[in-house]
> 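Submitted below is the structure of interest, expressed as structure tokens.
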Amino acid sequence: MTVDEQFAYLTKGAAEVIRADELKAKLDQSAKTGKPLRVYLGVDPTAPDIHLGHTVVLRKLKHFQDMGHTAIFLMGDFSAMIGDPTGVSETRPPLTREQVDANAKTYLAQVFKILDREKTEVRYNSEWLGKMASHEIVRLCGHYRLARMLEREDFRSRLEKNHPISVHELLYPLLTACDAVSLQSDVELGATEQKFNLLVHRDIQREYGQPAQAVLMMPILEGLDGVQKMSKSLGNYVGITEPAAAMFGKLMSISDTLMWRYYELLTDATPMEIAELKSAVSTGTAHPMNIKKSLARRIVADFHGGEASAQALADFEAQFQEGLLPEDIPSRDLALREPGKLFRLLTGLGLFGSNAEAQRKIKEGAVYMAELDSSNQPCWRRMADPTWIFDPAAHRQVVFRAGKRLLKITIV
RNA sequence: GGACAGGUGGCUGAGCGGUCAAAAGCAGCAGACUGUAAAUCUGCCGGCCCAUGUGGCCUACGGAGGUUCGAACCCUCCCCUGUCCA
């Protein structure tokens with residue numbers, strides 16, 4: 001592969017490259033000397049799980065790895081304890097050492113679903129940040145100007161709204177710049193929202209006498225709602241450890257518009273293939289639902305394998321298109337003797353958060369019950385009376401449906 | 001250290017003595033329609049209880065006290081945030 005081809009492949013799907021000519025020169029240099037580029041992605045383990053949004057940039061790191069460059073996965077175990085101010089309108093509560101360690105552990109296992117474990121250099125930024133003396137930190141701060149720091153949108157909008165900014169938040173980009181310096185990186189990957197931090201990293205590298213790394217930014221993946229970015233706190237995410245069926249279902253719930261975005265950022269489909277699918281849908285030769293099914297199949301296969309993915313599709317079709325019950329309904333055994341109000345039972349089972357909510361939902365017609373027989377073709381009965389009494393003697397095994405949730409109950 | 005402004009439900013934000021479980025918007029949940037899609041429309045959106053009603057009770061407008069028949073709203077102190085001055 002020529003340098004130009006490599007460059008085209010590596011920047012596919014990228015939102016921005018700073019600077020493209022520098023990256024090309026680095027690739028060129030690497031090709032001539034045979035010395036692989038050091039490419040890193042820093043991630044703060046602020047939550048125990050990663051979701052599809054994180055995989056966009058991980059996938060890009062893998063591309064570099066596939067091209068023979070050195071992929072460095074940097075665990076921001078130290079920086080996670082400061083908290084990245086990017087995109088937040090409030091100071092984040094700092095994580096404890098214990099939380100960070102626990103998250104880092106689960107993160108790695110998930111990261112290797114995409115990266116090649118053998119070929120990946122895994123580093124922790126506590127290696128160097130944890131050892132910094134206060135005079136070194138002071139010196140580091142001396143390399144950057146407050147006015148420039150306050151230029152960034154996050155801080156500016158907080159200042160305008162008279163919201164608090166804590167001093168330690170200013171330190172975040174400076175400290176993570178030490179990662180780039182310590183790793184002597186040639187390229188850093190990140191999401192577009194990281195732009196400010198990434199640029200600071202370049203500046204600080206230069207201040208410490210190193211050539212500035214090239215920066216490659218990937219777009220932010222929209223969540224299932226199609227509007228806000230995918231994030232766990234918004235609940236619009238697909239976790240990569242989720243069961244195949246859940247993953248499949250969530251992917252099927254995205255809008256038709258959003259599915260093209262997912263094709264672009266979450267699959268290896270080439271822009272050409274995607275364009276073909278699009279034209280097939282617009283000319284009516286393909287049904288968008290089928291195109292979405294194959295999207296879901298591809299993504300689920302990445303994390304669960306082809307077989308599980310095919311099964312997920314089959315289950316989906318059986319459940320939602322033929323009305324059958326899925327195989328793996330959550331089920332509970334219940335030692336219940338006395339008859340009682342249905343809403344109380346449902347709250348007790350965790351289907352609703354409170355008795356008041358359960359009663360409301362029953363009135364709204366959101367609750368169904370079906371006796372379980374040998375076939376898994378349920379005969380749903382709408383339970384719209386909030387005073388209805390559930391008698392365990394009369395219903396040995398039933399399935400409740402509360403909105404989208406299902407729960408199987410066996411009286412023991 | 002001083003002067004000033006502000007702290008209301010998941011968020012934004014109205015209310016500034018009773019008719020306030022608190023407007024409005026967003027988010028969320030559910031129903032209708034569908035392709036478990038989107039869009040749209042409808043309802044709900046603190047909790048407990050009775051049973052179905054313009055029903056009873058409890059908790060809640062930063063915290064603690066106070067004034068009042070009655071406080072998110074007035075007073076005092078405290079905590080938190082911001083602005084200006086030093």
Side-chain angles (χ1 to χ4, degrees), chain A residues 87-93 150 155-167 169 222-238 245-263 277-278 281-282 284 286-297 299-300 312-326 329 339-348 350-369 378 380 382-389 400-406:
Chain A
V88 285
S89 50
E90 269 169 51
T91 311
R92 289 191 184 178
L150 295 178
F155 290 153
R156 196 160 16 103
S157 73
R158 281 205 253 169
L159 279 175
E160 276 165 17
K161 291 180 191 156
N162 292 349
H163 286 173
I165 299 172
S166 296
V167 175
E169 296 181 79
E222 292 84 355
L224 298 172
D225 55 41
V227 180
Q228 291 183 277
K229 72 170 192 172
M230 184 176 281
S231 90
K232 189 160 187 179
S233 54
L234 292 172
N236 60 357
Y237 71 104
V238 181
M247 212 182 240
F248 199 97
K250 283 188 178 182
L251 288 168
M252 287 306 289
S253 80
I254 65 173
S255 75
D256 292 357
T257 320
L258 185 62
M259 112 177 134
W260 300 118
R261 184 81 167 152
Y262 279 27
Y263 259 108
L277 291 174
K278 264 188 191 171
V281 167
S282 61
H287 194 294
M289 185 181 61
N290 290 326
I291 305 297
K292 204 183 289 173
K293 278 181 184 169
S294 41
L295 170 73
R297 273 220 54 182
I299 295 174
V300 172
L313 170 65
D315 288 348
F316 178 85
E317 287 173 343
Q319 186 183 165
F320 296 107
Q321 291 170 346
E322 294 160 39
L324 303 181
L325 285 174
I329 321 175
K341 292 256 173 79
L342 176 65
F343 70 82
R344 238 181 272 282
L345 175 67
L346 297 177
T347 306
L351 284 169
F352 294 108
S354 69
N355 288 342
E357 190 192 357
Q359 291 175 67
R360 257 186 264 125
K361 292 304 171 206
I362 289 171
K363 282 188 207 171
E364 287 173 9
V367 174
Y368 291 82
M369 184 175 89
W380 292 112
R382 197 176 212 170
M383 312 306 290
D385 177 9
T387 61
W388 192 76
I389 307 284
F400 287 114
R401 198 174 99 205
K404 289 171 188 155
R405 285 153 298 166
L406 290 170

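Here is the naming used below: chain letters follow the sequence lines, and residue numbers restart at 1 for every chain.
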> Within the 4.0 Å heavy-atom criterion, would you say A/Gly226 contacts the bases, only the backbone, or no part of the nucleic acid?
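Since no nucleic acid heavy atom lies under 4.0 Å of A/Gly226, the category is nothing.
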
> Identify the stems formed by RNA chain B, where each pair is Watson-Crick or G-U wobble with both distances under 3.5 angstrom and a stem is at least 3 consecutive pairs.
B:1-7 with B:79-85, B:10-12 with B:24-26, B:28-32 with B:40-44, B:46-49 with B:55-58, B:62-66 with B:74-78

> Is there side-chain contact between A/Ile291 and A/Trp260, with at least one heavy-atom pair below 4.5 Å?
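Contact flag for A/Ile291/A/Trp260 side chains = yes.
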
> Just the rounded figure in Å: distance from C1' of B/C26 to CG of A/Asp225.
12 Å

> When the nearest nucleotide of RNA chain B is assigned to A/Arg405 and to A/Ser253 on a heavy-atom basis, which residue is associated with the more 5' position?
A/Arg405

> Got a sec, which residues hit salt bridge (Lys or Arg N to Asp or Glu O under 4.0 Å) with A/Lys341, two or more places apart in sequence or on another chain?
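Expected list: none.
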
> Think A/Arg405 forms a cation-pi with A/Phe352, using NZ or CZ under 6.0 Å from the six-ring centre and within 45 degrees of its axis?
yes

> Please encode protein proximity along nucleotides 41-51 of chain B as a string of B, S and -, counting only heavy-atom distances under 4.0 Å.
--BSS-SSSSB

> Base, backbone or nothing for each nucleotide of nucleotides 79-86 of chain B, written B, S, -, heavy atoms under 4.0 angstrom, 5' to 3'?
--SSS---

> Taking atom C1' in both B/C48 and B/G43, what distance in whole Å separates the two?
23 Å

> Rounded to the Å, how far apart are A/Leu313 CG and B/G35 C1'?
14 Å

> Hey, what do you get for NZ (A/Lys293) to CG (A/Leu313), rounding to the nearest 0.5 Å?
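So the gap between those two atoms works out to 6.0 Å.
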
> Classify the ring geometry between A/Tyr368 and A/Trp380 as parallel (under 30°), tilted (30 to 60°) or perpendicular (over 60°).
perpendicular

> With the threshold set at 4.0 Å, does a side-chain nitrogen-carboxylate oxygen contact exist between A/Glu364 and A/Lys361?
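Salt bridge between A/Glu364 and A/Lys361, a charged N being under 4.0 Å from a carboxylate O: yes.
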
> What integer distance in Å separates A/Asn236:CG from B/C29:P?
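It is 11 Å, rounded to the nearest whole Å.
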
> Taking the C1' atom of each, how far is B/G82 from B/A24, in whole Å?
26 Å

> Between B/U19 and B/C75, how far apart are the C1' atoms? Round to whole Å, please.
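The same atom, C1', in both gives a distance of 26 Å.
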
> Which one, B/U52, B/A32, B/U36, comes nearest to the side chain of A/Tyr368?
B/A32

> Toward the 5' end of RNA chain B, which comes first, A/Ile254 or A/Gly403, by nearest nucleotide?
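This one resolves to A/Gly403.
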
> Just the rounded figure in Å: distance from C1' of B/U36 to CG of A/Leu406.
11 Å

> Please report the distance separating the P of B/A72 from the corresponding atom of B/C58, rounded so that it comes out in whole Å.
14 Å

> Do side-chain atoms of A/Ser354 reach the backbone of A/Glu357 as a donor and acceptor pair under 3.5 angstrom?
yes

> May I ask you to say what A/Asp385 touches in the nucleic acid, namely base, sugar-phosphate or nothing, with a heavy-atom cut-off under 4.0 Å?
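It contacts base atoms.
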
> Let's see if you can work this out: which of B/A32, B/G35, B/A30 has an atom nearest to the side-chain heavy atoms of A/Pro288?
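Shortest atom-to-atom distance from the side chain points to B/G35.
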
> Return the CG to OH distance between A/Leu224 and A/Tyr262, rounded to the nearest 0.5 Å.
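It is 4.5 Å, given to the nearest 0.5 Å.
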
> Could you measure between the two C1' atoms, the one in B/G15 and the one in B/C61, and give it in whole Å?
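So the two C1' atoms sit 10 Å from each other.
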
> Between the base of B/G35 and the side chain of A/Asp256, is one N or O donor paired with an acceptor at under 3.5 angstrom?
yes

> Find the distance A/Leu251:CG to B/A38:P and express it as a whole number of Å.
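In whole Å, B/A38 P lies 14 Å from A/Leu251 CG.
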
> Mind checking what makes side chain to side chain donor-acceptor pair (under 3.5 Å) contact with A/Asn290, not counting sequence neighbours?
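Applying side chain to side chain donor-acceptor pair (under 3.5 Å) to A/Asn290 gives none.
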
> Sticking with atom P, work out how far B/U40 lies from B/C45, rounded to a whole angstrom.
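22 Å, rounded to whole Å.
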
> Tell me whether A/Lys292 contacts the main-chain N or O of A/Leu251 through its side chain, where contact means a donor paired with an acceptor under 3.5 Å.
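No; zero donor-acceptor contacts below 3.5 Å.
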
> Tell me, do A/Met259 and A/Leu277 make a side-chain contact under 4.5 Å, heavy atoms counted?
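Answer no - side chains too far apart.
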
> Considering residues at least two apart in sequence or located in another chain, which fulfil the side chain to side chain donor-acceptor pair (under 3.5 Å) criterion with A/Arg297?
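By the side chain to side chain donor-acceptor pair (under 3.5 Å) rule, A/Arg297 matches A/Ser309.
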
> Whole-Å distance between B/G28 C1' and A/Lys404 NZ?
11 Å

